[in-house]
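To keep things clear, I will list the structure first and then write my remarks on it.
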Amino acid sequence: MRYGAPLPSGYIQGVSDEPIAYPARVREVAPRRAVDFDADLNEAQRKAATHPDGPLLIVAGAGTGKTRTLVYRVAHLIERGVRPERILLLTFTRRAAQEMLGRAEKLVGSESRAVHGGTFHGTAHRLIRRFGVEAGLPGDFTILDQGDAEDLMQLSRAACGLADKTKRFPKKETLHHVYSRHVNTEFPVGAILREEYPRFIEFEDDFTRVFADYTARKQSRNLVDYDDLLLYWAMLLETEAARAIGDRIGALYDHILVDEFQDTNVLQARILKGMCRVHRNLTVVGDDAQSIYAFRGATIRNILDFPRDFHGAAVVTLEQNYRSTQPILDASNMLISRAEERFTKELYTTRTGGEKPWLVTAQDESQQTRFVVDRILELHEAGTPLREMAVLFRAGYMSADLEIELTARNIPFEKWGGLKFLEAAHVKDVLAFLRVLENPRDEVSWYRLLQLMPGIGETTARRAIEALADRDWNPEAFAEFVPPPRAKDAHRGLVDLLRALRRADLEGDGGVAKDIVRIRTMYDDILRARYDREEPRLADLDRLQAIADGYGSRTDFLAAISLDPPASSTDLGFGSESEDDVLILSTAHSAKGKEWDAVFVIWAVDGWFPMSRALGDDDQIEEERRLMYVALTRARDHLAVTHPFNVYQSRRGADYSLSQLSRFIDRGVVRTFQQVVLESTERLPEAETPSAATPTVDLRALLRSRFSS
DNA sequence: TTTTGAAGTCTCTCC
DNA sequence: GACTTCAAAA
């Protein structure tokens, strides 16, 4: 059973097939110059970049000039006369797309600006807005992010009568995870349960019921989740009823290039096949050793099966690493050599010299932090800009202590990945108002904003929504809804606010930033009453307002923030800040595709990296290992892996426990590092503690003994 | 019956 | 430190 919306058979033809307009990302016009493929590329890179038409698989190890090769391929295509707007460049993150388009522009000039680039989801969104209505999809849908989708799943769960305290029935997050996996991997629900949640197998029928309700609910409320974006794209291409539309979408592009192919899933592979039904000009680049998105359904089979799926595909392998020094490669190669399955080979470099990476044992978290900060300042004084250094970790919250220290010492930093401010409750609250205006059927947002009102809780909110649904979501139905007496004032206030906002819309006095100002006349008070520390939250809303200012319409704004969320605080529209020399803090995932002169990988502790949740499952441990490999291979000249020895365990009472070094740094890997054990700070006066202290005999012995057991 | 405050329970990666 | 669950108050 599948849960996607079937495409209605009727659709209207018409509207020209001119390419979708993409906003130009770079303003200045770069001069056009002849590209020198011979001088700029090595043989393998050149072979890939100048490959003629037809399917091409580039297997590229870390740092082998993958981006460079793709950019030169784009340049080559343009020189060959392919129209730039007929080239589609699919990447995994928005950052990667921007970087690649920027580099292409430097190479071939402003012409390359017409190249279409973006993430799978972003591109899906544009195509669906453009062609979806013709295929019977709603034109005014709003996009659910993961949190919204989970909330909607909760409503479905309740509608199926599974919300009561039956403790054993899975949480909304689990339900959504299974659903998303089903869509992205096409595994049957039962198989997913058997593999990942054996304890829930008995509920398979209930899962199916909830999913059916969830799917129907999304459709009747004009809601589209991330998975739907891909699903609808695939269906536009594949469904017989949409054949003519699929043909036109397929005819939009002559060449398709895909970055990070190892992180695509079967649904994305189907999309690529569909996009290539007129031509077979598909170039994919990937590295199986860097596959780190299995949790999203990515499968390495896409790379392995590529030559079979696209018969006669050329395969080019890039092995020469231009990024890292040999000692860093030695450590990385050793680490990944432990992987259960490997398909690619050892990386090598012609770069000479370079010191062994450091393996730093700190006494505790605060010493780890001090070491990292001291070392960063040292390198900075020696001439490395802050922006050329990064601290990487497994999960967003692990940098908390470091962030405090950096702030205290006035070192500017920028954080990538982890919790984004758009996911913060108070920001989502304000967005809920906007989304209800945009799509009055947005049940998730109604539910959220109603419960903000004093006196209105779960039950009253649900009743109000029922009243709305009964009247086909006519906005007036809410005004006529009779709330319980205690919520009378709040109801009145909300009705007035929504009316005022709609009126402003009609009178052209809108603008999404103005909307937010109006919403905040009500919401700021609610916020103050709800939270003790209101200042940072109010500041977040100021930032939201500033971002909104850059968008003309509410529709654009809402779509943009679901698909291209500002990833860091400096992305948030305070322009000049992003030019500053700032240190990068990033999750290992968000660091993929980037490189720095100096990289610090902190919390290399078993249970942290790899995370404890992965420990039960061999495949997950392998994915964690590849993730560590990704982290290590980000470094050009300096690499330090740190682990605190004593870890404060807030979970089990207030005491310290001894931590184990990450299992990925086994004895053989340790030999590729130089070990540094930081002295306990109590023993030495601070002035005498060098940032890289001499190892003490005791701790070294302790360290060794752990590897011998 | 519904809301709200307080204690208790986890904590990921991303579009 | 944020979200869920439980018990008391309106």
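If you're wondering where the values come from, they're calculated on a predicted model, not measured in any experiment. The sequence lines fix the lettering, A, B, ..., with proteins before strands; numbering per chain opens at 1.
Taking atom P on both C:dT5 and B:dC12, the two are 16 Å apart, rounded to the nearest angstrom.
With rounding to whole Å, A:Asp429 atom CG is found 14 Å from C:dA2 atom P. The nearest whole Å value for the distance from the CD atom in A:Glu260 to the P atom in B:dT13 is 18 Å. Look at CG on A:Asp151: it is 12 Å from C1' on C:dC3, rounded to the nearest Å. Distance A:Lys592 NZ to B:dC12 P: 20 Å, rounded to the nearest Å. The NE2 atom of A:His426 sits 12 Å away from the C1' atom of C:dA2 (whole-angstrom rounding). Rounded to whole angstrom, the span from the CD atom of A:Glu173 across to the P atom of C:dC3 amounts to 11 Å. Taking atom CG of A:Asp145 as the reference point, atom P of B:dT13 lies 14 Å away to the nearest angstrom. Atom CH2 in A:Trp608 sits roughly 10 Å away from atom C1' in B:dT11 (whole-Å rounding).
Rounded to the nearest 0.5 angstrom, A:Leu236 CG and A:Leu137 CG are separated by 6.0 Å.
Not one side-chain nitrogen or oxygen of A:Ser590 sits closer than 4.0 Å to the OP1 or OP2 atom of B:dT13. Within the structure, every side-chain polar atom (N or O) of A:Thr587 is placed at least 4.0 Å from both OP1 and OP2 of B:dC12. Between A:Lys171 and C:dC3, a side-chain N or O to OP1/OP2 separation shorter than 4.0 Å is absent.
For A:Arg486, taking side-chain heavy atoms from C-beta onward, the closest of the listed nucleotides B:dC15, B:dT3, C:dT4 is B:dT3. The side chain of A:Arg394 lies closest to B:dT13 when the candidates are C:dA2, B:dT13, C:dC3. Ranking B:dC15, B:dT11, B:dT13 by closeness to the A:Arg613 side chain, first place goes to B:dT11. Among B:dC14, B:dC15, C:dT4, the nucleotide with an atom closest to any side-chain atom of A:Tyr293 is B:dC14. When each of B:dC12, B:dC14, C:dC3 is scored by its nearest atom to the side-chain atoms of A:Met611, the top-ranked nucleotide is B:dC12.
Look at A:Asp206 and A:Arg157 and you find no salt bridge, because none of the NZ, NE, NH1 or NH2 atoms lies under 4.0 Å from a carboxylate O. Between A:Asp145 and A:Lys428, at least one side-chain nitrogen of the basic residue sits less than 4.0 Å from a carboxylate oxygen of the acidic one, meeting the salt-bridge criterion. Of the charged side-chain nitrogens involved, none lies within less than 4.0 Å of a carboxylate oxygen, so that A:Arg492 and A:Asp489 do not count as a salt-bridged pair.
Interface residues of residues 453-462 of chain A facing DNA chain B, ordered by number: A:Pro454, A:Gly455, A:Ile456, A:Gly457, A:Glu458, A:Thr459, A:Thr460; criterion, heavy-atom separation under 4.0 Å.
The six-membered or imidazole ring of A:His125 lies away from that of A:Tyr226, with a centre-to-centre distance of 6.0 Å or more. Residues A:Phe609 and A:Phe393 place their aromatic rings such that the two centres sit no closer than 6.0 Å.
Stacking between A:Tyr397 and B:dT11 is absent: the aromatic ring centre is not both under 5.5 angstrom from the base six-membered ring centre and within 30 degrees in plane angle.
Residue A:Phe120 is classed as having no contact, given no heavy-atom separation below 4.0 Å to the nucleic acid. Contacts of A:Lys172 with the nucleic acid, taken as non-hydrogen atoms under 4.0 Å apart, involve only primed sugar atoms and P, OP1 or OP2. Contacts of A:Arg463 with the nucleic acid, taken as non-hydrogen atoms under 4.0 Å apart, involve only primed sugar atoms and P, OP1 or OP2.
Checking A:Pro484 against A:His121, the closest nucleotide of DNA chain B that is more toward the 5' end is the one next to A:Pro484.
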Enumerate all atom pairs, one protein N or O and one N or O from nucleotides 8-10 of chain C, separated by less than 3.5 Å.
none

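The side-chain hydrogen bond (donor to acceptor under 3.5 Å, both in side chains) analysis of residues 293-302 of chain A, with sequence neighbours excluded, yields the pairs A:Thr264-A:Asn302, A:Arg301-A:Asp305.
With sequence neighbours excluded, the residues satisfying side chain to side chain contact (heavy atoms under 4.5 Å, CB included) with A:Thr185 are A:Arg181, A:Phe187, A:Ile192. Scanning for side chain to side chain donor-acceptor pair (under 3.5 Å) contacts around A:Arg663 gives A:Asp606, with sequence neighbours left out.
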In residues 454-461 of chain A, what donor-acceptor pairs under 3.5 Å come from side-chain atoms, sequence neighbours left out?
none

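Ring-plane geometry between A:His177 and A:Tyr197 is classed as perpendicular, the angle between the planes exceeding 60 degrees on a 0 to 90 degree scale with a lower cut at 30.
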